[in-house]
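Right, one structure below, let's go through it.
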Amino acid sequence: MALLPLCCGAVTAGFMCHLFYFRLGEHLDDAPKILLLSVFSPVALLNGLTVLGYSIREATTVVIVLWASFVGGLWTSMSVYRAWLHRLRDYPGPFLARISKFWYVWQTSDLKDYKHIQEWHEKYGDYVRTGPNEISIADPDIVEIVHGGRSQCTKSIWYNIGFPMMTLHQMRDKKMHERRRRAGWDQAFNVQSLRAYDDRVVSCTDMLLQQILSLAGQSVDVSKWMTYYTYDVMGEVAFSRSFDALKTGQAHFAIKIMHQNLIPLGLFQHTPWLLHIMTKLPAKMMPMTKFLEYCESCVAQRKSVKPEKPDVFHHLLREPFFGNAHDDHQLLVGDSRLIITAGSDTTAAALTFALYHLASEPALAEQMRSELFSNGIDSAQVAKPTALQHLPYLNAVIQETLRMHPPIPNGVFRDSPAQGLTCGDRYIPGNVTILTPTYVIQRSPKAYKQPDSFIPERWTTRPELLINRGAFLTFGGGASSCIGKQLAYMEMRTVLAKLVLEFEIKFDSLEDGQALLNETKDCFTCILAPLHLVFSSRKRR
Ligand code: HEM
């Protein structure tokens with residue numbers, strides 16, 4: 001058989017495939033079919049050729065040559081286009097990042113994405129091309145443009161991770177998302193509902209205090225205990241059901257599974273099509289299955305009880321969304337996963353980093369104490385979270401922690417509108433994915449003076465240290481911003497106020513906080529490295 005014409009045909013087909021299919025639009029749903037096609041079409045061709053009378057050797061040679069030519073054509077077309085012809089070609093960045101997202105996955109396989117993004121911004125400037133069709137923008141002015149109320153940007157394909165499971169967070173259609181927020185979610189987090197959660201937050205905080213008191217003078221891994229605390233709060237607030245992590249001093253199996261799942265998510269979140277293929281694996285092979293089964297059980301159990309006080313599910317269950325029982329149930333399972341994951345590891349990270357700063361600089365805790373005392377607040381008063389709402393210094397310590405250590409450090413992805421957008425004198429073409437890297441933006445000298453120093457006063461008495469207030473992106477922005485923000489603040493204020501009133505907080509003798517700062521894993525939310533602190537009761541002094 002004459003191989004040359006076949007070869008040329010296959011190369012051309014590879015080019016066409018890229019130019020008229022892969023280059024245009026999103027193909028996430030097709031990913032499993034494409035994988036199957038690429039495995040089975042060579043086998044079918046081999047079979048066909050042997051049926052036509054070719055020897056196995058000849059047929060295998062033809063198939064290999066055709067396949068290699070097709071893939072070669074496809075990749076050559078993709079690489080040339082992405083490297084030199086793409087609309088983002090003039091934006092600087094690591095060369096291989098422009099060819100394939102696998103390069104990014106490889107570079108960030110240590111799960112320190114935000115640190116790598118920071119290095120690239122230091123090297124290439126505020127605009128860095130981080131993928132074939134993706135740009136990371138660290139200019140603080142981008143925050144309002146991409147996340148502001150009038151932004152025309154949309155959620156990127158990243159939000160399809162986990163499909164077909166649907167959650168409020170994953171809804172990319174703006175109208176649908178807005179409708180879902182109004183159907184239960186807004187009511188579940190309005191001021192009145194938050195007041196109904198006060199008691200549960202306080203009782204979890206008391207349990208945390210008791211456990212820390214029982215460990216007074218010993219080394220306490222606060223990363224672990226803050227995680228137990230925030231998971232217990234979310235269980236209580238969302239489903240009136242505790243994870244009992246504080247009581248047992250053990251990670252509930254849901255916490256363990258969640259953290260195991262975060263690793264593959266952290267690794268492959270940037271190639272959503274690969275994660276989408278994984279969702280087609282048999283349920284038993286899927287790492288997320290056990291966690292979803294747990295979420296399913298939470299929903300089923302919650303439907304069968306009527307708690308004394310309303311919880312988040314009280315509001316969600318009252319508002320059917322799709323109007324058919326199956327889809328509504330599935331949405332509730334998805335949303336229960338969302339509540340647990342969005343509300344727990346995030347707040348735990350914020351609390352742990354705040355405690356790191358309190359242990360590093362005892363003067364911070366001293367100032368917080370004197371503010372609490374001068375407002376007549378002792379430990380019993382903290383039982384009313386509202387009493388802490390307006391304390392400037394306590395809130396400034398929290399705000400500064402959230403600025404320097406955003407619990408979703410790498411930030412979120414949006415697609416530019418079809419007509420593109422401008423930021424200063426820069427034009428970003430349409431339908432391009434934009435990463436707004438929260439950690440980098442919140443340490444930008446264009447937004448904050450002395451950005452790498454922990455100075456709570458920038459939020460109170462030294463506003464001259466704030467250059468661009470709008471650069472604060474820790475809770476996202478616009479219609480999709482964090483709905484649990486006030487609950488998170490309530491938890492942080494209550495725990496930090498109680499801890500500084502009850503204890504002196506110091507590093508364990510072998511601790512310097514470097515593990516927390518450098519070994520924490522960025523998997524969208526964080527898996528915290530240990531932080532060992534010693535709490536000494538102030539009452540015994
Ligand atoms: C310090 C703690 C927290 C931080 C830093 C944080 C951060 C964020 C961010 C950045 C987003 C936007 C994500 C995006 O645009 O893709 C978000 C969304 C969300 N957060 Fe939080 N969060 C925290 C605590 C909580 C808590 C306690 C809850 C309670 C359940 C919660 C529930 C949610 C939900 C449901 C969404 C999705 C909102 C939507 O899509 O409309 N978060 N959070």
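Side chains are part of it too, since the values below use all heavy atoms of this structure and drop only hydrogens, waters and symmetry mates. Each ligand, and each atom within it, is numbered from 1 in the order the structure gives.
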Hey, looking at atom 18 (C) of ligand 1, which of Ala342, Ala238, Cys482 has the closest heavy atom? Cys482

Got the closest protein heavy atom to atom 12 (C) of ligand 1, with its distance? Ser480 O, 3.6 Å

Sub-3.5 Å N/O-N/O distance, Arg181 and ligand 1: yes

Ring-face cation contact, Phe321 with Arg180, 6.0 Å cut, 45° max: yes

Would you call Asp311 and Arg302 a salt bridge, using N to O less than 4.0 angstrom? yes

Neighbour count >12 (heavy atoms, 6.0 Å) for atom NZ, Lys247: no

Parallel, tilted or perpendicular: ring planes of Trp185 versus Phe189, cut at 30 and 60 degrees: parallel

Is there a polar contact, in the sense of an N or O pair closer than 3.5 Å, between Ser481 and ligand 1? no

Hey, is Phe413 one of the residues with a heavy atom under 4.0 angstrom from ligand 1? no

My understanding is that only one of Gln301, His329, Gln330, Arg337 makes a side chain to side chain donor-acceptor pair (under 3.5 Å) with Glu296; could you say which? His329

From the candidates Met234, Lys485, His405, the one that places a heavy atom nearest atom 29 (C) of ligand 1: Met234

Looking only at distance, does Thr347 have an N or O less than 3.5 Å from an N or O of ligand 1? no

Would you kindly specify which portion of Val312 sits under 4.0 Å from ligand 1, judged on non-hydrogen atoms: side chain, backbone, both or neither? neither

Hey, does Glu491 come in under 3.5 Å of ligand 1, counting only N/O atoms on both sides? no

Hey, looking at atom 15 (O) of ligand 1, which of Arg180, Arg414, Gln170, Lys155 has the closest heavy atom? Arg414

Backbone N or O of Ser344 within a donor-acceptor pair of the Thr230 side chain at under 3.5 Å? yes

Do His357 and His405 meet the criterion of a side-chain donor-acceptor pair at a distance under 3.5 Å? yes

Look at atom 24 (C) of ligand 1 and say which protein heavy atom is nearest, naming residue and atom and giving the distance to 0.1 Å. Thr346 OG1, 3.5 Å

In terms of its nearest heavy atom to atom 11 (C) of ligand 1, the top option of Phe475, Trp185, Tyr489, Phe524 is Phe475

A student checking ligand 1 against Leu338 at a 4.0 Å heavy-atom cut-off should list atoms 35 (C)

Could you tell me if the side chain of Val412 sits less than 4.5 Å from the side chain of His147, heavy atoms only? yes

Checking heavy-atom distances from atom 40 (O) of ligand 1 to each of His177, Met492, Met171, His147, the winner is His177

Given the side-chain rings of Phe524 and Trp158, with only the six-membered ring counted for Trp, is the space between their centroids under 6.0 Å? yes

What is the nearest protein non-hydrogen atom to atom 13 (C) of ligand 1, stated with its residue, atom name and distance? His169 NE2, 3.5 Å

For Ile483, the ligand 1 atoms whose distance to one of its heavy atoms is below 4.0 Å: 34 (C), 35 (C)

Enumerated ligand 1 atoms positioned under 4.0 Å from heavy atoms of Tyr159: 14 (C), 15 (O), 16 (O)

Cation over ring, Arg403 on Phe472, under 6.0 Å and within 45°? no

Does any N or O atom in Thr474 lie less than 3.5 angstrom from one in ligand 1, N or O only? no

Can you report which non-hydrogen protein atom sits closest to atom 26 (C) of ligand 1, along with the distance? Gly343 CA, 3.4 Å

Is Lys101 salt-bridged to Glu134, going by a charged N under 4.0 Å from an acidic O? yes

Within ligand 1, which atoms have a heavy atom of Ile408 less than 4.0 Å away? 7 (C), 8 (C), 9 (C), 10 (C)

Salt bridge flag under 4.0 Å for residues Glu400 and Arg458: yes

